[in-house]
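Source: prediction; values computed, not measured. Convention: sequence-line order gives letters A, B, ...; per-chain numbering from 1.
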Amino acid sequence: MDKLREQIRRIEAGGRVSCGFLPFGVPEIDDRLPGGGLALGALHEVAGGANGALDGAAAALFAAGILARTHGQILWCLSRRDLFAPAMALAGLHPDRVIYAEGGSEKVILACFEEGLRHGGLAGVVAEVAKLPMTPSRRLQLAAESTGTIGIAIRRWRRQTEAADFGQPTASTTRWRVTALPSSPLPVPGVGRPRWLVELIRARAGECADFEVEACDEEGRVAIPAKLVHRPAEAVDGRERAIA
Amino acid sequence: MPATKAQALIAGLVMHEADPEADSDALEKLAVWMQRHYSPLVSVHNPDGMILDLTGVAHLFGGEAAMLKEMVRKLVAVGCGARIAIAPTYGAAYALSHCVASPTFVLEGKVSEALDLLPVTALRLPVEMVAGLKKMGFERIGELNTTPRAPLALRFGPPVGLRLDQAYGRVSEPFDPIIPPETPHVRRNFAEPIGAAETIARYVGVLVEQLAATLEVKGLGARKLDLVCFRVDNHIQAVRAGTSRAVRDVKRLTKLLTDKIETIDPGFGIETMTLTALITEPLVYRASTSVLGEAEVKDVSGLIDTLSNRIGESQLYRLAPVESDIPERAIRRITPLSPATGASWPPHWPRPSRLLDPPEHIETVALLPDHPPAAFTWRGLRRRVARADGPERVFGEWWKSDAERNAVRDYFQVEDDAGERYWLFRAGDGEDHKTGSQRWFMHGVFA
């Protein structure tokens, strides 16, 4: 059976070499992704849910968290000037690593995106786009495959009605939607660690899934919140030690 | 006027020998400077002028009018009084610059309006011809323009008609751009004019190869390249490409130039192409060291060059922290290849991933002085605040302006029922009206 799977994988790859995978470090998510993580050398799409479709705040931070765990320079293609770099630094993406490119139009941004993916010297490329038709997305996917650079398209629209565009098929390997959820409860008044509903809407050779996660920490890692019934592992350890 | 007469008129007149050669040298030097700063096509017009072809250049300076202002400012700064005019034809620009004192910019289609009132001396005609025209009663260019040509040509020969047509843009004018001495320069003439994009690209490759060989002998790398195509109909098309570091790599330079091929209009064909490395810097071979355990730093300067030639240098940047508590002042742009600063923003302070600039005014229900709002209305939607954190008080930077001496902002991080997190602030401390208007603003969206 395993041999057959291997054979099928080889046929599907069509001579392309896999560039490796970037695990989230969270078994619940990594188990659902073919290869055990986000494929490097591939195009991934991230959009925000609800109001996030317009501001793309959570989507940008989710992308920053992924890229914070890579090594090397990042190219970030912007369509609007509202990205706030200190927040990216809080998610582990050091300002020295990020080169910003401001494109006037979607076409220019896609061209910069592709140029960045084809170059091969970058760790990752992010572009904020509204429309991503099939042909450009295939070009981007091929460009990413040729160099092993991870490409993340943050889908961001001007109007809520345009967000239906996210249903259109593209050549991207995975597709995510990140929606803000009420933050982790604290024993005192205040805002706890932010939580997101992360939906894996599409994964090539994989299945859809959704996860409720705690937002990126200072190293860009997301975490699955500890359920009250199970108790966080550390707390259990601590108590046992206290008893012993 | 004889010198003695001038001395009799003005007491203590200081006299210098005319030195046309030195003047011409100085003019050439200025032309080279103009070429570096403004346009690849500069031609010296002896004894006292120069012509710049600004086709496709002005937008880099924010339009012709802004460019004109900038040029005058720069020239005054280096101690040159200059009279400048920008016009669709060389003839018109010459006439305007010699007869209108203030810097002038004339649009396409407004040429005749601007020219008609100028005196005939502005037409670049020999002195005796101008005198002859004046004797016949012609004072202004407009009068000359409406006169039948045949008698004029009979009396003065073809120059009058030619200069008129050149000024009004009815015939084109040859342009002889300067090539600054000692800059690496290669040239290729074609037996048959070329026009296809592929052919142009191929010869760009050939020229770059030759230029790279020249540069290698001198140990230089190119920072700025000018590709000039001379068309069969005497028009000149120029392409300029810049690099962020000295480069001699044939492939990379060829790519930078061929990326811009679509901006070249070959017309009826190109008969000569020249390639000049306008700005060069020493480039020496460096031994690549391999240090065990150190991550290899990949060179992205090639990508930076490609992108900055496509979208413009100012659109490509990195951000570096500034020590300021005011969020919009906490970042500054640096060039993408500047050395790593190693600095980051202070951790532990929550900062939104999208910052609204300028902050948007919101309607709130809040207890003063130091409670977060209980509800707020932003962009027409009312949101109830479920949780909040704050305030984080930010004081105005009194050393920057007097208006900020007492200014205070209180920032709150709030979360609404749906779980969306926002960054709000109140202008003022909630008690004292000196500290601000006490109005509330939305400043950012958290993830």
Side-chain angles (χ1 to χ4, degrees), chain A residues 48 50-52 55-62 64 71-73 75 80-91 94-104 108 111-112 115-116 118-123 178-183 185-186 189-192 194-197 215-216 218, chain B residues 295-304 306-308 310-312 314-321 327-328 330-331 333-334 336-337 339-357 381 386-390 413-421 444-447:
Chain A
N51 279 330
D55 58 47
L61 215 57
F62 184 69
H71 296 282
Q73 296 267 30
L75 178 70
R80 281 176 262 173
R81 287 187 180 179
D82 57 358
L83 192 75
F84 196 45
M88 304 293 117
L90 289 179
H94 195 274
D96 280 340
R97 290 182 55 202
V98 195
I99 299 166
Y100 296 93
E102 270 176 29
V108 175
C112 291
E115 200 66 50
R118 278 203 195 285
H119 181 264
L122 295 168
V178 187
T179 317
L181 289 181
S183 56
L186 290 177
V191 183
R195 283 189 186 181
W196 296 332
L197 175 67
C216 297
E218 60 278 11
Chain B
E296 184 196 357
V297 181
K298 287 184 178 147
D299 182 32
V300 293
S301 60
L303 177 72
I304 302 292
T306 318
L307 292 181
S308 65
R310 186 170 297 165
I311 60 176
S314 59
Q315 307 290 85
L316 211 61
Y317 53 88
R318 257 180 27 218
L319 295 173
E328 48 279 52
I331 49 177
R333 289 184 177 193
I334 53 177
L337 291 177
T341 58
S344 188
W345 291 272
H348 315 305
W349 292 111
R351 287 291 177 263
S353 59
R354 302 280 179 188
L355 192 75
L356 303 178
D357 187 28
L381 266 180
R387 300 191 186 101
D389 246 348
Q413 182 186 4
V414 301
E415 184 178 291
D416 70 3
D417 287 335
E420 290 187 344
R421 287 165 282 272
V445 183
F446 283 96

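Options A:Ala87, A:Ser183, A:Ala123, A:Cys216 differ in how many heavy-atom pairs under 4.5 Å they form with chain B, and the most are formed by A:Ser183. Of all the listed residues (B:Ala388, B:Pro321, B:Pro347), the one sharing the greatest number of non-hydrogen pairs under 4.5 Å with chain A is B:Ala388. For chain B, the option among A:Ala91, A:Ala89, A:Ala101, A:Gly48 with the highest count of heavy-atom pairs below 4.5 Å is A:Ala101. No other option in B:Pro350, B:Ala340, B:Ala320, B:Gly302 has as many heavy-atom pairs under 4.5 Å with chain A as B:Ala340. When each of B:Ser314, B:Gly342, B:Gly312 is checked for heavy-atom pairs under 4.5 Å with chain A, B:Gly342 comes out on top.
Listed for the A:Asp96 side chain is a donor-acceptor partner under 3.5 Å among the backbone atoms of B:Thr341. Looking only at distances, no side-chain donor or acceptor of A:Gln73 sits under 3.5 Å from a matching main-chain atom of B:Val300.
Rounded to the nearest 0.5 Å, atoms CZ (A:Phe84) and CZ (B:Arg354) are 12.5 Å apart. One distance of note links CG of B:Leu319 with CD1 of A:Ile99; it measures 11.0 Å at 0.5 Å rounding. Rounding to the nearest 0.5 Å gives a distance of 7.5 Å between CG of B:Leu381 and CG of A:Asn51. Atoms CG and OG, from A:Asp55 and B:Ser353 in turn, are 7.5 Å apart once rounded to the nearest 0.5 Å. Atoms NE2 and CG, from A:His119 and B:Asp299 in turn, are 6.5 Å apart once rounded to the nearest 0.5 Å. Separating the CD atom in B:Gln315 from the SG atom in A:Cys112 is a distance of 9.5 Å, to the nearest 0.5 Å.
Residue contact with chain A, scored on non-hydrogen atoms closer than 4.5 Å, involves the backbone and the side chain of B:Leu303 alike. Looking at A:Leu181, only its backbone comes within 4.5 Å of chain B, counting heavy atoms on both sides. Only the side chain of A:His94 has a heavy atom closer than 4.5 Å to any heavy atom of chain B. Heavy-atom distances place the side chain of B:Arg421, and not its backbone, under 4.5 Å from chain A. The contact between B:Asp417 and chain A is made entirely by backbone atoms, counting heavy-atom distances below 4.5 Å. Neither the backbone nor the side chain of A:Ala215 comes within less than 4.5 Å of any heavy atom in chain B. For chain B, the nearby parts of A:Ala111 are the backbone and the side chain; heavy atoms of each come within less than 4.5 Å. For B:Leu316, the parts lying near chain A are the backbone and the side chain together; criterion is any non-hydrogen pair under 4.5 Å. Heavy atoms closer than 4.5 Å to chain A are found in the side chain of B:Ile304, but not in its backbone. Neither the backbone nor the side chain of B:Pro339 has a heavy atom closer than 4.5 Å to any heavy atom of chain A. Both the backbone and the side chain of A:Val191 come within contact range of chain B, judged by heavy atoms closer than 4.5 Å. For chain A, the nearby part of B:Ala343 is the backbone; its heavy atoms alone come within less than 4.5 Å. Residue B:Ala330 does not touch chain A at all, counting heavy-atom pairs closer than 4.5 Å. Residue A:Leu186 does not touch chain B at all, counting heavy-atom pairs closer than 4.5 Å. Proximity to chain B (any heavy atom under 4.5 Å) is shown, for A:Arg118, by neither the backbone nor the side chain.
Within the 4.5 Å cutoff, no side-chain heavy atoms of B:Arg318 are placed close to those of A:Pro95. No side-chain heavy atom of A:Pro86 sits less than 4.5 Å from a side-chain heavy atom of B:Trp349. Contact check for A:Pro194 versus B:Phe446: no side-chain heavy atoms found under the 4.5 Å cut-off.
Take B:Glu420 and apply the salt bridge (Lys or Arg N to Asp or Glu O under 4.0 Å) test, not counting sequence neighbours, and it matches no residue.
When all heavy atoms are compared, the tightest approach of A:Pro182 to B:Ala418 is CD-O, 3.9 Å.
The closest side-chain donor-acceptor pair between A:Glu115 and B:Thr306, if any, does not fall under 3.5 angstrom.
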